[in-house]
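Being a predicted model, the structure only gives us computed values, none of them experimental. Throughout, a chain's letter reflects where its sequence line sits, starting with A, and its residues are numbered from 1.
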Amino acid sequence: MQTQIIHALGTVRENQPLVHNITNSVVTNTTANALLAIGASPIMASAPEEVADMVGISNALVINSGTITQDTLQSMILAARTAGTLHKPWILDPVGAGVTPFRRTGNQQLLELQPTIVRGNASEITSLFTDAGAGKGVDSSNSSESTLHFIQEKAREHRMVIAVTGASDYVTDGDEVYKIDNGHPMMTRVTGTGCTATALIGAFLAVCDKPLVAAVSGLVCLGIAGELASRNCPGPGTLQLRLLDELYRMDQGTIENFVNVSSLKRSCH
Amino acid sequence: MQTQIIHALGTVRENQPLVHNITNSVVTNTTANALLAIGASPIMASAPEEVADMVGISNALVINSGTITQDTLQSMILAARTAGTLHKPWILDPVGAGVTPFRRTGNQQLLELQPTIVRGNASEITSLFTDAGAGKGVDSSNSSESTLHFIQEKAREHRMVIAVTGASDYVTDGDEVYKIDNGHPMMTRVTGTGCTATALIGAFLAVCDKPLVAAVSGLVCLGIAGELASRNCPGPGTLQLRLLDELYRMDQGTIENFVNVSSLKRSCH
Amino acid sequence: MQTQIIHALGTVRENQPLVHNITNSVVTNTTANALLAIGASPIMASAPEEVADMVGISNALVINSGTITQDTLQSMILAARTAGTLHKPWILDPVGAGVTPFRRTGNQQLLELQPTIVRGNASEITSLFTDAGAGKGVDSSNSSESTLHFIQEKAREHRMVIAVTGASDYVTDGDEVYKIDNGHPMMTRVTGTGCTATALIGAFLAVCDKPLVAAVSGLVCLGIAGELASRNCPGPGTLQLRLLDELYRMDQGTIENFVNVSSLKRSCH
């Protein structure tokens with residue numbers, strides 16, 4: 001996997017893929033900067049009059065429902081449909097998926113349009129896939145074991161890659177499972193690090209044949225950047241800008257030195 | 001008051017209260033980060049379909065009218081009404097209150113919904129409460145004496161806490177008056193420091209029984225953070241990020257060393 | 001020209017002009033901070049109910065179509081019309097002008113309202129003025145010579161100042177042409193540096209009698225700030241904040257030491 005991550009980063013840097021983002025109003029600046037720092041070319045556009053055209057010229061689509069309104073939801077649905085028609089890969093970040101009925105319904109509608117990858121925290125992922133009528137979610141013990149079993153099952157059922165992020169991140173296509181232990185706790189005190197993870201995965205998704213590799217690559221790069229950025233870091237303000245610096249400086253040597261990914265046994269089947 | 005501020009900060013850190021923000025498009029990222037840095041959990045959501053639900057799960061509501069449109073104003077009114085019904089505390093930041101007729105009317109409508117606290121600069125506060133049909137505002141000499149008298153009168157009349165910020169800040173519930181002399185002039189060269197003050201007060205409001213203490217605590221924490229951040233500071237770009245670092249590092253010792261609050265004699269009655 | 005730039009900066013600092021921005025959702029915070037750093041007073045407001053009032057109290061208007069929707073486009077048109085009626089100077093930043101039909105049409109509508117200055121990259125400027133029915137644009141060789149000829153012709157035809165930014169920047173009123181060689185390549189890895197250039201030109205436009213001088217002044221100040229900010233700079237996160245610091249510190253000595261502007265021979269007529 002390490003070789004694949006390094007290769008994927010090189011391809012992003014070389015191709016500077018266009019990544020179209022319809023995202024929330026809190027992180028537009030942050031995620032555009034993260035995409036530029038890793039070497040991609042962000043497009044931030046959400047008007048219904050042009051999202052289909054933007055999908056048409058982009059290499060991947062990122063949909064983040066963090067501050068959806070009825071209007072932006074319609075743009076997201078249109079963009080996701082267009083991505084489906086044009087066979088463009090796209091990733092869904094169902095921010096706060098189960099928190100309100102409006103978010104629940106909106107994210108369900110997006111899930112039905114078959115994203116290539118879904119990334120969220122354990123509560124968002126559980127809520128998204130449980131509400132979809134798929135039975136019980138991660139149980140209250142919320143152990144890694146039950147989370148793992150749940151996302152493998154759902155990834156297989158929905159034929160998509162699922163990434164659950166937290167202290168450890170888990171990525172699966174329903175068959176293979178990877179655990180990522182990069183990152184630093186102070187990252188939770190910066191708004192939008194989850195959204196940034198999703199955007200970065202979008203950059204890798206634009207150049208990788210295998211969505212599983214894209215998801216792992218995005219999470220590893222952000223995690224390593226967070227580890228390096230948090231060294232002697234006085235606080236989350238400084239961390240936020242250093243994250244961008246470290247994404248910009250990310251290279252083969254850094255990945256080789258710090259990558260912390262393990263392939264888990266396939267617990268299902 | 002110093003003891004109460006320290007206690008309030010400890011409670012924010014311990015409870016990580018949910019603070020729901022409907023704010024302007026310039027400062028969403030900044031204020032979410034400030035809330036995370038101080039230890040609270042920000043929710044940024046403004047769709048009319050979900051603001052009432054968000055108020056329901058939040059511990060306090062922050063409404064900032066800096067870039068209101070007809071749509072967001074309706075969300076704000078709905079959220080404020082819900083807060084009233086559910087007895088959730090909320091704070092109004094009437095940005096540019098008297099600058100255009102649209103802002104004047106919009107902020108009046110919000111004021112009528114009885115915020116727990118209003119925070120603004122002298123011109124915003126005067127405009128807001130004068131337009132409400134309450135007679136003359138702060139006179140043209142704009143002295144601290146006339147400002148003080150005005151806000152005490154209005155706070156009593158409207159039964160709310162009023163915070164006027166500037167070179168010195170004044171906070172009153174109509175009875176007690178506190179003057180805060182923390183802060184640094186370079187803060188005026190960073191966009192949204194006023195909005196950040198309001199958001200931080202929202203965090204304290206979520207955990208304090210007494211709105212007066214919440215307002216003083218928020219202004220003291222931001223003011224001290226600004227003083228520390230501006231030491232040998234090359235400019236407002238650096239100041240902006242250091243403000244977040246210092247909010248994150250704020251603790252009992254820092255407050256004890258730098259707090260500059262005085263209780264003024266009650267000039268009314 | 002150097003003397004005029006220094007004078008213009010002094011006037012911005014002294015007058016703190018009100019600069020009204022209707023801009024894209026990615027850069028609202030960044031451009032407001034850049035305007036504060038250079039010494040101007042930003043207003044960020046886009047509600048159709050108040051944009052005309054805001055133009056009325058402002059000294060210049062900045063319109064940036066980076067994330068236009070049907071609604072914000074209507075606000076922009078209303079604001080631009082008001083600026084025309086009130087003889088207030090305004091600048092158009094036609095972000096991604098030719099990328100989608102929606103942007104093409106929207107930017108054409110704004111161009112017809114006769115901005116005082118248009119600033120964009122070579123592809124945006126070509127697309128904007130070519131679509132306007134003015135024949136062929138910058139040819140595929142995209143040489144500086146052909147770019148120069150094109151913008152001189154269009155500036156004369158439309159009676160406006162055109163600024164094309166890139167590795168070198170070119171500014172012309174159709175008669176005089178200036179070439180600016182300040183700046184640093186890492187600036188392309190920070191989102192919104194083009195938008196920031198436009199906003200800064202707006203600040204100078206608010207105080208300069210000559211739009212040509214305003215455009216050159218804004219580009220020189222940002223370019224110099226970028227050069228200084230990129231010294232030993234670890235990455236684009238740090239660069240972004242240092243840009244604000246350097247704009248704040250910009251003064252006569254810095255301009256004298258680093259300005260790199262040349263007047264080109266007038267190749268047309």
Trainee: Would the distance check show the side chain of B/Thr28 and the main-chain N or O of A/Ser25 forming a donor-acceptor pair, the cut-off being under 3.5 Å?
Mentor: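 Answer holds: yes.
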
Trainee: Can you say whether A/Thr72 sits under 4.5 Å from chain B via the side chain, the backbone, both, or neither, judging by heavy atoms?
Mentor: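 It is neither, since no heavy atom gets under 4.5 Å.
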
Trainee: Using only atom types and a distance under 3.5 Å, with no angle test, would you say the side chain of A/Arg189 pairs donor to acceptor with the backbone of B/Leu36?
Mentor: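 Judged by distance alone, yes, a pair lies under 3.5 Å.
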
Trainee: B/Ala47, B/Ala37, B/Ser46, B/Ser41: which one forms the most heavy-atom pairs within less than 4.5 Å of chain A?
Mentor: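 Heavy-atom pair counts peak at B/Ala47.
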
Trainee: Just jot down the side-chain hydrogen bond (donor to acceptor under 3.5 Å, both in side chains) partners of A/Thr100, sequence neighbours excluded, or say none.
Mentor: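 side-chain hydrogen bond (donor to acceptor under 3.5 Å, both in side chains) check on A/Thr100 returns B/Glu50.
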
Trainee: In residues 222-248 of chain B, which residues are in contact with chain A at a heavy-atom separation under 4.5 Å?
Mentor: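 Checking residues 222-248 of chain B against chain A gives B/Leu241, B/Leu244, B/Asp245, B/Tyr248.
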
Trainee: What distance do A/Thr67 atom OG1 and B/Ile43 atom CD1 have between them, rounded to the nearest 0.5 Å?
Mentor: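 CD1 of B/Ile43 is found 13.0 Å from OG1 of A/Thr67.
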
Trainee: Just verifying a value: how many Å separate A/Asp71 CG and B/Asp71 CG, rounded to the nearest 0.5 Å?
Mentor: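 CG of B/Asp71 is found 7.5 Å from CG of A/Asp71.
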
Trainee: Got B/Asn29 and A/Thr191 here, is their nearest side-chain heavy-atom distance under 4.5 Å?
Mentor: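 Result yes, sub-4.5 Å side-chain heavy-atom pair found.
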
